[in-house]
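Each remark here refers to the structure printed beneath this line.
Reminder, nothing fancy here: chain letters follow the sequence lines and each chain counts from 1. Computed from a prediction, not measured in an experiment: that's the story for all the values here.
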There are 2 protein chains.
Amino acid sequence: MPKKRILPYIILGILDQNPGSTGKFITNQFKNEIGEFWKASHSQIYPELKKMVEDDWIKQTSDSNNEKEKYYHLTNLGKEKLNSWIDIPINALPVVEDLFSLKLFFIQDPNDPRISTLVNKQLNLLEKQLDHLNDREKILFDTQEKRNKNYGYYLILERAISRLDNQIKWLKTIKQR
Amino acid sequence: MPKKRILPYIILGILDQNPGSTGKFITNQFKNEIGEFWKASHSQIYPELKKMVEDDWIKQTSDSNNEKEKYYHLTNLGKEKLNSWIDIPINALPVVEDLFSLKLFFIQDPNDPRISTLVNKQLNLLEKQLDHLNDREKILFDTQEKRNKNYGYYLILERAISRLDNQIKWLKTIKQR
DNA sequence: ATCTGCATGTAATGGGTTACATGATTTC
DNA sequence: GAAATCATGTAACCCATTACATGCAGAT
């Protein structure tokens with residue numbers, strides 16, 4: 001018995017916000033919007049879409065002008081599934097896989113030179129990502145109106161930024177001990 | 001080609017810090033110490049230990065007093081593997097799976113009552129965990145000497161606490177918007 | 001008309017979770 | 001010495017990643 005399936009619910013959520021999305025669009029949502037909180041690649045998404053059509057969670061249409069693209073929409077069943085999923089209480093903490101912290105964990109000596117190598121490299125990585133997210137926020141949510149229109153997205157983008165910021169600040173404190 | 005194997009390296013790191021550990025002990029390390037940054041269950045760990053013995057990364061001994069327990073130690077090859085792994089630069093950001101943020105993402109209306117339900121529940125969850133980690137820190141690292149002896153562990157425990165703290169503070173700001 | 005790229009799809013391989021199973025050791 | 005617990009081990013099942021594959025669309 002494998003771990004609980006989350007992917008179809010995320011796809012439902014994306015389709016709820018963007019009716020008529022293509023598989024490609026959904027894939028991109030994972031890269032850009034959701035990537036901070038969940039990962040999925042196109043080779044997971046396409047088969048999942050197929051299965052969701054079979055289960056009548058979504059329906060597929062196509063456009064006579066563009067044969068290769070397929071468009072997906074929620075069914076009523078899909079809407080129900082999405083809403084009841086959102087209402088299921090969350091009992092588990094977020095799961096983090098953080099190689100950096102692991103490696104740090106294995107270095108016991110405070111004077112080990114590998115610490116500062118690791119830290120500097122990680123700082124670099126995180127600062128780039130922070131810049132990227134700050135840019136996105138400026139573009140997407142420069143007005144209150146935009147924020148209110150996609151409130152959930154606004155919130156988690158803020159969350160991602162705050163998280164990165166905290167991480168960077170913490171890393172900088174290590175360097176000064 | 002599947003995703004990159006991390007587990008054996010983590011086990012190497014645990015055995016480096018705790019020579020002669022049992023599989024059970026390693027399992028508990030994942031629950032207590034490492035759980036904030038990586039997950040693994042005993043049903044992964046035992047087969048992995050077997051494989052690592054076959055590959056001569058670790059060796060296994062036993063105790064005539066207790067037939068059921070097996071004790072593991074690094075080999076020289078294992079030490080090399082561990083050290084070269086630590087030196088591999090990290091190019092990927094930490095991976096987070098956060099159901100809470102996902103669900104939030106799908107709620108677009110700032111006045112949707114489900115937001116505060118979600119937030120309150122999550123706050124509760126995180127605060128419990130923060131208390132738990134704060135307790136651990138007090139017990140394990142109340143003196144500078146203890147900190148210096150297991151510096152890496154001290155750092156990531158601090159990291160975990162800081163992260164939780166940031167998350168909680170951020171959640172509280174949502175409630176006031 | 002060919003080339004390039006894009007959207008979709010599939011396969012191979014190994015990872016990971018949950019549940020079940022076994023034998024030793026402690027407990028009462 | 002029976003019962004409960006503990007440490008270890010195994011199996012079924014699905015998940016996820018990477019690489020490969022196909023066919024249409026647009027560009028030149």
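- For the OP1/OP2 pair of dA16(D) and a distance below 4.0 Å, the side-chain nitrogens and oxygens of Lys4(B) include no atom meeting the criterion.
- Going from atom NZ of Lys24(B) over to atom P of dG9(D) covers 13 Å, rounded to whole Å.
- The side chain of Arg5(A) lies closest to dC14(D), out of dC14(D), dT8(D), dT8(C).
- Aromatic rings from Phe106(A) and Tyr9(B) are positioned such that their centres are separated by 6.0 Å or more.
- Less than 6.0 angstrom separates the ring centroid of Phe141(B) from the ring centroid of Tyr153(B).
- No option in Arg136(B), Lys31(B), Arg163(B), Arg159(B) other than Arg163(B) meets the salt bridge (charged side-chain N to carboxylate O under 4.0 Å, His left out) test with Glu36(B).
- When rounded to the nearest whole Å, the span between CD of Glu69(B) and C1' of dG9(D) equals 15 Å.
- One can place CG of Leu49(A) at 9 Å from P of dT8(C), the figure rounded to the nearest angstrom.
- Note: CZ (Phe25(A)) to P (dT8(C)) measures 12 Å, nearest angstrom.
- Nucleotide dA16(D) holds its P atom 18 Å from the CG atom of Leu7(B), rounded to whole Å.
- Between the OH atom of Tyr71(A) and the P atom of dA7(C) there is a distance of 10 Å, given to the nearest Å.
- One finds no side-chain N or O of Lys50(B) lying less than 4.0 angstrom from the OP1 or OP2 phosphate oxygen of dT8(D).
- If you chain together hydrophobic residues whose side chains sit under 4.5 Å apart, Trp85(A) and Leu12(A) fall into the same group.
- Of the inter-residue distances, the one linking Leu155(A) atom CG with Ile174(B) atom CD1 reads 5.0 Å to the nearest 0.5 angstrom.
- In this structure, Gln60(A) places its CD atom 16 Å from P of dA7(C), rounding to the nearest Å.
- Heavy-atom distances under 4.0 Å link DNA chain D to His42(B), Ser43(B), Tyr46(B) of residues 39-46 of chain B, given in residue order.
- Considering Gln129(A), Gln122(A), Gln167(A), Lys128(A) in turn, Gln129(A) is the only one that fulfils the side-chain contact (heavy atoms from CB on, under 4.5 Å) rule with Leu93(B).
- The interatomic distance linking Phe30(A) (CZ) with dC15(D) (C1') rounds to 14 Å, in whole Å.
- Looking at every heavy atom in both residues, Glu33(B) comes nearest to Asn28(B) through OE1-O, 4.2 Å.
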